[in-house]
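Single-structure report; data block below.
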Amino acid sequence: MAIWTRPIDLDQLTAMGRGNLQGLLDIQFTGCGEDWLRARMPVTERVHQPFGRLHGGASVVLAETVASVAGAMAVPDGKVTVGLDINANHVRAARSGHVHATATAEQIGRTTQVWTIRIEDDAGKLVCLSRMTAAVIDAALS
């Protein structure tokens, strides 16, 4: 059973990033299922650390972007999500191509959400494993 409370339009979700960090890093939404949302980010010099590898902070930006947008698409009208906690385990370097982040809902509750985010390279190898917790609050409080 799908968790989404509003229609998912991948082009619209990508367009929301224009003019903010999502757009600066060229994060594009590419797929969704009943309880997951996927986005990709190019691995270029823009997101490298000084040694030519994907910067861990860029992986966390990608993870939080896809999970935050997914969370926003899974709350009732009048509610929004705000991040409470995120962690990341960086397990493999990426130097080029794209990394693909899939946020999967672990728990969608009335007051909190928990998302697991797998970031893989173009070959499907795990680059980063992340988990994000979000609070569900009244939109009027945000």
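Fair warning: this is a prediction, and the values are worked out from it, not measured in the lab.
- Looking at heavy atoms from C-beta onward, Val80 lies in side-chain contact with Ile137 at the 4.5 angstrom threshold.
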query = Given His55 and Val47, is the side-chain contact (heavy atoms from CB on, under 4.5 Å) satisfied, shown in steps?
reply = CA-CA 6 Å; His55 193 291; Val47 296; 5.5 Å; no
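- Atom CG of Leu21 is separated from atom OG1 of Thr65 by 6.0 Å, given to the nearest 0.5 angstrom.
- A salt bridge links Arg6 to Asp77: one of the charged nitrogens lies within less than 4.0 Å of a carboxylate oxygen.
- Between Asp9 and Asp11 the shortest heavy-atom distance is OD1-N, 3.1 Å.
- Note that the CZ atom of Phe29 and the CE atom of Met16 stand 6.5 Å from one another [nearest 0.5 Å].
- Linking Ile, Leu, Val, Met, Phe, Trp and Tyr whenever their side-chain heavy atoms come within less than 4.5 Å leaves Ile117 and Val82 in two separate clusters.
- The CE atom of Met73 sits 4.0 Å away from the CD1 atom of Ile8 when rounded to the nearest 0.5 Å.
- Panel note: side chain Asp35, backbone Thr104; no donor-acceptor pair is recorded below 3.5 Å.
- Distance check, rounded to the nearest 0.5 Å: CG of Leu126 to CZ of Arg118 gives 4.5 Å.
- For the pair Ile108 and Gln113, the minimum side-chain heavy-atom distance is below 4.5 Å.
- Cluster annotation: Ile27 and Trp36 are assigned to distinct hydrophobic clusters (Ile/Leu/Val/Met/Phe/Trp/Tyr, side-chain heavy-atom contacts under 4.5 Å, transitive).
- With hydrogens and angles disregarded, a donor-acceptor distance shorter than 3.5 Å links the side chain of Thr5 to the backbone of Val75.
- Leu129 is listed as a side-chain neighbour of Thr116, based on a closest heavy-atom distance under 4.5 Å.
- A heavy-atom distance below 4.5 Å is not found between the side chains of Val66 and Trp115.
- With sequence neighbours excluded, no residue forms a salt bridge (Lys or Arg N to Asp or Glu O under 4.0 Å) with Glu64.
- With Gln28 as the partner, the side chain to side chain donor-acceptor pair (under 3.5 Å) test is satisfied by one option alone out of Arg38, Gln22, Arg40: Arg40.
- When all heavy atoms of Thr81 and Ala134 are compared, the pair lying nearest together is CB-CB, 4.1 Å.
- With rounding to the nearest 0.5 angstrom, the OG1 atom of Thr30 is 12.5 Å from the CE atom of Met41.
- Side-chain atoms of His48 come within 3.5 Å of backbone N or O of Arg95 as a donor-acceptor pair.
- Checked by atom type and distance alone, the side chain of Trp4 pairs as donor or acceptor with a backbone atom of Gly33 at under 3.5 Å.
- Side-chain atoms of Ser130 come within 3.5 Å of backbone N or O of Asn87 as a donor-acceptor pair.
- Considering all non-hydrogen atoms of both residues, Met1 and Glu34 come closest at N-OE1, 2.8 Å.
- In this structure Ser59 satisfies the side-chain contact (heavy atoms from CB on, under 4.5 Å) test together with Leu54, His90, Ile119, Cys128, sequence neighbours excluded.
- Around the CD atom of Gln107, the shell of radius 6.0 Å holds more than 12 heavy atoms that belong to other residues, nucleotides or ligands.
- You'll find the side chain of Glu120 stays beyond 4.5 Å of the side chain of Thr102, heavy atoms only.
- Hydrophobic clustering, with ILVMFWY side chains joined whenever heavy atoms are under 4.5 angstrom apart, groups Leu25 together with Val69.
- In terms of heavy-atom proximity, Val136 sits nearest to Gly109 at CG2-O, 4.1 Å.
- A distance of 8.5 Å separates CG in Asp26 from OG1 in Thr44, rounded to the nearest 0.5 Å.
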